[in-house]
Number of protein chains: 2
Amino acid sequence: MDDLTEMLKGVLEGCVLQILHHRESYGYEIVKALNQAGFESVADGTVYPILIRLEKKHLVDVARVRSEMGPPRKVYTLNNAGVHALTGFWERWEFVASRLESIKNDKHNKEDRDG
Amino acid sequence: MDDLTEMLKGVLEGCVLQILHHRESYGYEIVKALNQAGFESVADGTVYPILIRLEKKHLVDVARVRSEMGPPRKVYTLNNAGVHALTGFWERWEFVASRLESIKNDKHNKEDRDG
DNA sequence: AGCGGTACATGGCAACACCTGGTACCGAAA
DNA sequence: TTTCGGTACCAGGTGTTGCCATGTACCGCT
C-alpha cells in the first residue's frame, strides 16, 4: 500500500483511543496492536507522541507498572474525558466518511446549477 | 460539527480530484461544490493551494478561460495521471476506512495474545 | 468614481505522522 | 564480565497539510 501518512492524520489518535477503550495498554503493545490491525507501517516513534498528547489532554490515566520482560511500562487507561473524546472522534469520522462516500458515488445532480 | 482539520488532511485533495473527475471546474466553483457537499468550513484559501499542488504534480491540465461574471478563470481538467491518482486515492481511502471500521467494531479477539 | 460579487494568490501558522537516534532494563550466551 | 538481542520509552527535527488573513484584480451596476 502506498503512503498513508496524510490520510492517517487525526485518525491514529482515535485508533489509540479506541484500543485503550477496548482495554488498558501501553505504548509498545499499542504499536503491535496497530500493526496487527492493518496499519503495518506505523512505528513506535509515531505512537509515543500520541500517548504523550493524550496525557497532556487528560484523556488517559497513567500508571507505571513493573514488567517481567524488560523495563517498566507506562500503562494507559481511558478516563471519562477519554471516552467522551472517543465518541467525538467517531462522530467526526462518520461525518467525513459519509461525505466522502457521497462524493465518491458522485450522484449529486449537476443539474442543480445548470438549470 | 467540531474541528475536522486534521481528519481532512490528505482527503480534501482527493475530493478535488473526484470533483474534477465529475467535470472540469475552477477554484471558486470547487469551493462551493465542497461546501455544498457538506464540507462547509472549507475556505478558498484551502482550495487554491491544492489546485496549485495538483498542477505541480501534473495531475491536471489548466486553461485560462474568460468569464462573463468577473476575472478570467483557471479551468482545471483531470488528465490520465490525475485519474490514476484518483484511483489510488480511493484505494487508500477504502483501506483506511475498512481498518477503521474493524477497529471500531472492536470484535478483534483479545484471546489471540493471552492464549 | 465607487461598490460589491467574482476569482485567484500568498505568507505565516499549527497540528500531525514520520524518521533517526538515544536511553534503559533485562536475561541468555560468549 | 562482556556482549547481544528483545523489551520499552523518549526527544529532536522534517515535510506535508489545512486554515486564516490579507492582497490583487476583473467586471457590471449605480
Side-chain angles (χ1 to χ4, degrees), chain A residues 1-17 24-35 39-57 60 62-76 85 89 92 96 99 113, chain B residues 1-17 24-35 39-57 60 62-76 85 89 92 96 99 113:
Chain A
M1 180 58 55
D2 274 14
D3 188 25
L4 300 175
T5 301
E6 293 307 323
M7 209 173 274
L8 292 181
K9 297 258 174 94
V11 169
L12 277 185
E13 185 172 316
C15 290
V16 172
L17 246 26
E24 60 178 28
S25 187
Y26 54 97
Y28 193 82
E29 193 183 47
I30 292 171
V31 175
K32 287 191 292 188
L34 284 170
N35 295 154
F39 299 116
E40 297 170 23
S41 61
V42 175
D44 62 338
T46 301
V47 171
Y48 287 110
I50 290 177
L51 291 171
I52 291 171
R53 244 156 47 211
L54 295 182
E55 193 178 350
K56 276 183 188 159
K57 293 189 205 165
V60 290
V62 193
R64 278 216 138 72
V65 176
R66 313 262 276 101
S67 163
E68 327 85 26
M69 288 293 290
R73 301 163 175 168
K74 283 183 74 177
V75 173
Y76 295 84
F89 165 73
R92 289 198 304 280
V96 172
R99 313 292 146 154
R113 12 189 88 255
Chain B
M1 180 58 54
D2 275 14
D3 187 25
L4 298 176
T5 301
E6 293 306 323
M7 211 174 273
L8 292 180
K9 297 256 174 95
V11 169
L12 278 185
E13 184 173 315
C15 291
V16 172
L17 245 26
E24 61 177 29
S25 187
Y26 54 96
Y28 193 81
E29 192 183 46
I30 291 171
V31 174
K32 288 191 292 188
L34 284 170
N35 296 154
F39 298 115
E40 297 171 22
S41 60
V42 175
D44 61 340
T46 301
V47 171
Y48 289 111
I50 290 178
L51 291 170
I52 291 170
R53 246 159 40 212
L54 295 181
E55 192 178 352
K56 276 184 187 159
K57 293 190 207 167
V60 289
V62 193
R64 278 217 138 73
V65 177
R66 313 261 276 102
S67 163
E68 327 86 25
M69 288 292 290
R73 301 164 175 167
K74 283 183 73 175
V75 173
Y76 294 84
F89 165 74
R92 289 198 304 279
V96 171
R99 313 293 145 153
R113 8 189 90 255

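Keep in mind that the numbers below use all heavy atoms, side chains included, and drop hydrogens, waters and symmetry copies. Order of the sequence lines fixes the chain letters, A, B, ..., with proteins taken first and strands second; residue numbering starts at 1 for each chain. Worth saying up front: this structure is predicted, and the values here are computed from it rather than measured.
The existence of a salt bridge linking A:Lys32 and A:Glu29 is excluded, since no basic side-chain nitrogen approaches an acidic carboxylate oxygen closer than 4.0 Å.
Expressed to the nearest 0.5 Å, how far CG of B:Leu12 lies from CD1 of B:Ile50 amounts to 5.0 Å.
Closest to the side chain of B:Lys57, out of D:dG18, D:dT17, C:dA17, is D:dT17. Comparing D:dC27, C:dC8, C:dC18 by their closest approach to the side chain of B:Lys74 singles out C:dC8. In the set D:dT7, C:dT10, D:dT17, the nucleotide with an atom closest to the side chain of B:Ile52 is C:dT10. Comparing D:dA8, C:dT10, D:dA25 by their nearest atom to the side chain of B:Pro49 picks out C:dT10. Closest to the A:Pro71 side chain, of the nucleotides D:dC19, C:dA17, C:dC25, is C:dC25.
Annotation: side chain of A:Glu55 is in contact with side chain of A:Tyr76 (closest heavy-atom distance under 4.5 Å). Using a 4.5 Å heavy-atom cutoff, the side chains of B:Tyr28 and B:Arg73 are not in contact. Between B:Val60 and B:Leu51 there is no side-chain heavy-atom pair separated by less than 4.5 Å.
Here the P atom of nucleotide C:dG12 and the OH atom of B:Tyr48 are 21 Å apart, to the nearest Å. In this structure, the CZ atom of B:Arg73 is 15 Å from the C1' atom of D:dA25, given to the nearest Å. B:Asp2 has its CG atom 15 Å from the P atom of C:dA15, to the nearest Å. The distance between atom CG of A:Leu51 and atom P of D:dC9, rounded to the nearest whole Å, is 8 Å. Spacing between atom CZ of B:Arg92 and atom C1' of D:dT16 amounts to 13 Å, rounded to whole angstrom units. Atom CG in B:Leu12 sits about 11 Å away from atom P in D:dT17, given to the nearest Å. Separating the NZ atom of B:Lys56 from the C1' atom of C:dT10 is a distance of 11 Å, rounded to the nearest angstrom. Between the CZ atom of A:Arg64 and the P atom of D:dC10 there is a distance of 6 Å, given to the nearest Å.
For the OP1/OP2 pair of D:dA8 and a distance below 4.0 Å, the side-chain nitrogens and oxygens of A:Tyr26 include at least one atom meeting the criterion. Between A:Tyr28 and D:dT7 there is a side-chain polar atom (N or O) within less than 4.0 angstrom of OP1 or OP2. Proximity of A:Lys32 to the phosphate of D:dT7: no side-chain N or O atom is located under 4.0 Å from OP1 or OP2. The side chain of A:Ser67 places an N or O atom within less than 4.0 Å of a non-bridging phosphate oxygen (OP1 or OP2) of D:dA8. Distances shorter than 4.0 Å separate none of the side-chain N or O atoms of B:Thr5 from OP1 or OP2 on C:dA15. Dashed line: the shortest gap from a side-chain N or O of A:Lys9 to OP1 or OP2 of C:dC18 is not under 4.0 Å. The phosphate of D:dG18 has OP1 or OP2 within less than 4.0 Å of a side-chain N or O from B:Arg53.
Nearest-nucleotide mapping onto DNA chain C: of A:Arg66 and A:Glu13, the residue sitting toward the 5' end is A:Glu13. Residue-to-nucleotide proximity on DNA chain C shows that, of A:Asp44 and A:Val11, the 5′-proximal contact is made by A:Val11.
Among the protein residues, A:Gly45 comes within range of the nucleic acid bases, having at least one heavy atom under 4.0 Å from a base atom.
The nearest pair of heavy atoms linking A:Lys74 to A:Val62 is CE-CG1, 3.6 Å.
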